[in-house]
Amino acid sequence: MPQYWLMKSEPDEVSIDDALAAPDATVAWTGVRNYQARNFMRDGMKVGDGVLFYHSSCPEPGIAGIARVASGIKPDPTQFDAKSPYYDAGAKKEDPRWLLVDVQAVRKTRLLALPELRAKPELADLIILRKGNRLSITPVEPAHWKVIEKMLA
DNA sequence: GCCAACGTTGGC
DNA sequence: GCCAACGTTGGC
């Protein structure tokens, strides 16, 4: 059974175009520093799962592409890099605190901006649209995925 | 830049 | 374990 996820990225850091331009259209999803988001990767993600590639903290936030989970979990190397903004002095090599998966871009889509998503009654329960939600990785119901695919068709 | 909402920290 | 203070996220 395929599962679906929504993953936020700041396009200034990694946009859907950046991901498509990368070797194999694959990028390591570095920088997750929230335990709930980490646990979704660790406990829920499987290779091949569908990903909605979401642009956040930008002029037009919204879904910008489709991707897939392309690897199992691995330690996020940026936690050990003192020069990285994602450095975590408390993380130990033998017991990494932060994890990542590889994400492979499948295609760029037209931008499904937030107001358009909010206007769909069928998406009212999409986690990303719920008030106050800040999680950078959230599961997506198959029904929601279908609605979004239809909007992109 | 503002601010609501949420997560984390640390004193007790 | 409680909870106030503080930090972060992210849309606007």
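- No hydrogens or angles considered: nothing links the side chains of A:Thr26 and A:Arg68 as a donor-acceptor pair under 3.5 Å.
- Side-chain atoms of A:Trp145 and A:Glu141 include no donor-acceptor pair closer than 3.5 Å.
- Using a 4.0 Å cutoff to heavy atoms of chain A, the contacted part of DNA chain C runs 5' to 3' from C:dG7 to C:dC12.
- A donor-acceptor pair shorter than 3.5 Å cannot be found between the side chains of A:Asp17 and A:Ser15.
- Across A:Met45 and A:Asp49, no two heavy atoms sit closer than the pair CA-OD2, 3.5 Å.
- Within the nucleic acid shown, A:Gln36 comes within 4.0 Å of sugar-phosphate atoms alone, with no base atom in reach, counting heavy atoms only.
- Side chain to side chain, A:Asp102 and A:Trp29 fail the donor-acceptor criterion of an N or O pair below 3.5 Å.
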